[in-house]
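Okay, so here's the structure we're looking at.
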Amino acid sequence: MDGASLQEITDFAHEESVKLTKSKQGYLAFMDPDESALIMHSWSKDAMKECSIKGRKFIYPIETTGLWGEAVKQRKPIITNDYQTPNPLKKGYPQGHVELTRHMNVPIFDGNRIVAVAGVGNKETPYDEADVRQMTLLMDGMWGLVKRRNAEDDLYKSEMRNRLILNSIPDLMFKFSGDGTFLDYNTPPEGSLMFPASDFIGKNISDIFPKHISNPSIVNIKNALKTGNIEILNYQIDWDGGVLYYESRFVATGDDEVLAIIRDTTDRKEAEKMLREKAEAEAANLSKSKFLANMSHELRTPLNAVIGFSEMLASKNFGELNEKQVRYVKNISSSGSHLLNLINDILDLSKIEAGKMEIFIEEFNSLDAIDEVCYSLMPLILKKDLKLNFSVDEDVRWIFADITKFKQILYNLLSNAVKFTSEGGSITISGSIIGKEVYFSVEDTGKGIAPDSLTSIFDPFSQVEKFETKVEKGTGLGLALVKLFVMLHEGRVWVESEVCKGSKFSFSLPIEPIHIGESSMPYLK
């Protein structure tokens, strides 16, 4: 869009944002210099068709602007997936305004300053972080083009004769004759040349640069003189410190004079390389998850056989075993069960990462589910003489969630509490409703977690890495699965802990989830 006008750039950007996010409407507003008001610039075509407001405003003070101005107030993207729900931040909209069901807007930054806000609305499915990323990238690119167009327009007005030169946004400039001889130069940026620019004057480009640079440069010089167009050459130079990348733009400034504007594109190339490597890493990670999911299925079958046959031997139905044989068989069964648990955890983790984990939201009795989990761990609780307390509000009895995932979340948290609480300690399970979320927590009087471990406690295998010197066995995936299962419900999970005083693991679930009574594979943020 090099030749596009400002209006064409912005129209393309907000129409493209509507397509990318699969929305029905979109808009773009610019911010005044002191960030006190939004100046509406344009609406998408569909929004213009549906909107029937008379005397439509174009300037909106941030102080009196409602929910759609929160992107400026909070200086971050704002997603509202249920716009009709009462919200103290909303100020309402005038008669004739497009009816909104969902809304998302993102602030556009230039450094630390917000320069614009772009918004979309009425997507059929909920907006998510993928929409935020796509829209932010698109609008950042748009703003780069807007800045460039504004600069070009300003330069065009101030100096028409140098329009082509200034359009190139020069970094380092050399003036050549038609045969490639250096005639003049600007003051080059520090470090952009290996020796003084004055040494170039009077010499031909072929005397200084290797043929892979000089030959195509001379061709571009001649083409620029012949056609009047900007000719572009990309090349690289190998220095002792590595490879540097450059882009040269050749512009005719006279009958036999050409100006070369040279830009160091090394940083851009490095950024592109990092993006490619990131994409390759993500693809490799997805392949890993799919591989683990498939391999886990293959491994579970023989492990179940090992566990089953070892239990049959331990039952002595096929003959007596001596003391050593009994011990060995128990070790086989115990190790097999431990390995099977690890494989099951890896299978769940890889399913989630591969986007194959389904959840089924239904209403169930949370108190019954809690009792079931506690009963399964009761032998360990009694063995360690732990006191189990309950502080679950009555209004938490019926909740909406995937009951299997809910029980596994609670099982993982409670089994950890039992594992790391010394004999005679206590564990408290709590539940309450706050706002639009239901909260559960498992608090123990155990060993606690060091502050430097809290940031990674929900990472896969963090138990193995952080607590490998402890005697308790674990896969290191329990808390990672807790976090992922909670996120699948669009909830939150966190931990509070103090060494030698215990830990409190908490998680929240929405009271009114989106997918009720149907299997779904939600986007994992």
*Return the orientation label for the F440 and F406 ring planes: parallel under 30°, perpendicular over 60°, tilted otherwise.*
perpendicular
_For the CG atom on D34, are there more than 12 heavy atoms of other groups (residues, nucleotides or ligands in this structure) within a distance under 6.0 Å?_
yes
*asked:* Could you check whether any side-chain N or O of D402 sits under 3.5 Å from a backbone N or O of F360, counting only pairs where one atom can act as donor and the other as acceptor?
replied: yes
*Could you name each residue pair satisfying salt bridge (Lys or Arg N to Asp or Glu O under 4.0 Å) that touches residues 110-121, not counting sequence neighbours?*
D110-K147
*Side-chain (D444) to main-chain (S503) donor-acceptor, under 3.5 angstrom*: yes
_Any heavy-atom pair between the side chains of L481 and Q408 that's under 4.5 Å?_
yes
*Any side-chain heavy atom of V258 within less than 4.5 Å of one from T253?*
no
*In chain order, what residues pass the salt bridge (charged side-chain N to carboxylate O under 4.0 Å, His left out) check against E257, with sequence neighbours excluded?*
K175
*Can you list the residues that meet the ring-ring contact (aromatic ring centres under 6.0 Å, His included) rule with W494, with sequence neighbours excluded?*
Y439
*Going by heavy atoms in the side chains, are N220 and S217 under 4.5 Å from each other?*
no
*asked:* Can you see whether H41 engages T10 through a side-chain donor-acceptor pair at a distance of less than 3.5 angstrom?
replied: yes
_N/O donor-acceptor pair under 3.5 Å between S23 side chain and V120 backbone_ = no
*Heavy-atom pair of closest approach, residues S506 and S441*: OG-CB, 3.3 Å
*How close do I511 and G435 get, heavy atom to heavy atom, and via which atoms?*
CD1-O, 3.5 Å
_Short side-chain donor-acceptor distance under 3.5 Å, T227 and N223_ = no
*Step by step, work out the salt bridge (Lys or Arg N to Asp or Glu O under 4.0 Å) result for E231 and K226.*
CA-CA 11 Å; E231 300 292 331; K226 181 179 180 180; over 6 Å; no
*Between E124 and R102, is there a salt bridge with N-O shorter than 4.0 Å?*
no
*Would you tell me whether N122 and T101 have side-chain atoms, one donor and one acceptor, within less than 3.5 Å of each other?*
yes
*Could you tell me whether the side chain of S36 reaches within less than 4.5 Å of the side chain of I62, counting heavy atoms only?*
no
_Y127 side chain vs G121 backbone, donor-acceptor pair below 3.5 Å_ = yes
*Step through the shown structure and confirm whether more than 12 heavy atoms of other residues, nucleotides or ligands are within 6.0 Å of OH on Y411.*
no
_Contact between L233 and V219 at the side-chain level, heavy atoms closer than 4.5 Å - yes or no?_
no
_Atom of A224, atom of A252 and distance for their closest heavy-atom approach_ = O-CB, 3.5 Å
*asked:* Using every non-hydrogen atom in the two residues, find where F505 and L413 come nearest and quote the distance to one decimal.
replied: CB-CD2, 3.7 Å
*Show your working on salt bridge (Lys or Arg N to Asp or Glu O under 4.0 Å) between K123 and D131 and close with a plain yes or no.*
CA-CA 10 Å; K123 181 182 178 181; D131 295 316; 2.7 Å; yes
*Taking the side chain as every heavy atom from C-beta outward, state whether L138 and E16 have any atom pair closer than 4.5 Å.*
yes
*Do side-chain atoms of S366 reach the backbone of R397 as a donor and acceptor pair under 3.5 angstrom?*
yes
*asked:* In terms of relative ring orientation, are W143 and F30 parallel, tilted or perpendicular, with 30° and 60° separating the classes?
replied: tilted
*asked:* Check this for me: does any side-chain nitrogen of one of R75 and E35 sit under 4.0 Å from a carboxylate oxygen of the other?
replied: yes
_Any non-hydrogen side-chain atom of V72 less than 4.5 Å from a side-chain atom of E70?_
no
*Could you pull out the closest heavy-atom pair between V132 and P77, with the gap in Å?*
CG1-CG, 3.6 Å
_Before you tell me yes or no, could you show the steps for Y235 and S248 under side-chain hydrogen bond (donor to acceptor under 3.5 Å, both in side chains), namely the whole-Å CA-CA distance, both residues' side-chain angles and the distance that decides it to 0.1 Å?_
CA-CA 8 Å; Y235 55 93; S248 292; 3.0 Å; yes
*To the nearest 0.5 angstrom, please state how far the CG atom of D128 sits from the CD atom of E490.*
9.0 Å
_Between I409 and V486, is there a side-chain heavy-atom distance shorter than 4.5 Å?_
yes
*asked:* One thing to verify: whether D459 and K483 come together as a salt bridge, which I'm taking to mean a side-chain N less than 4.0 angstrom from a carboxylate O.
replied: no
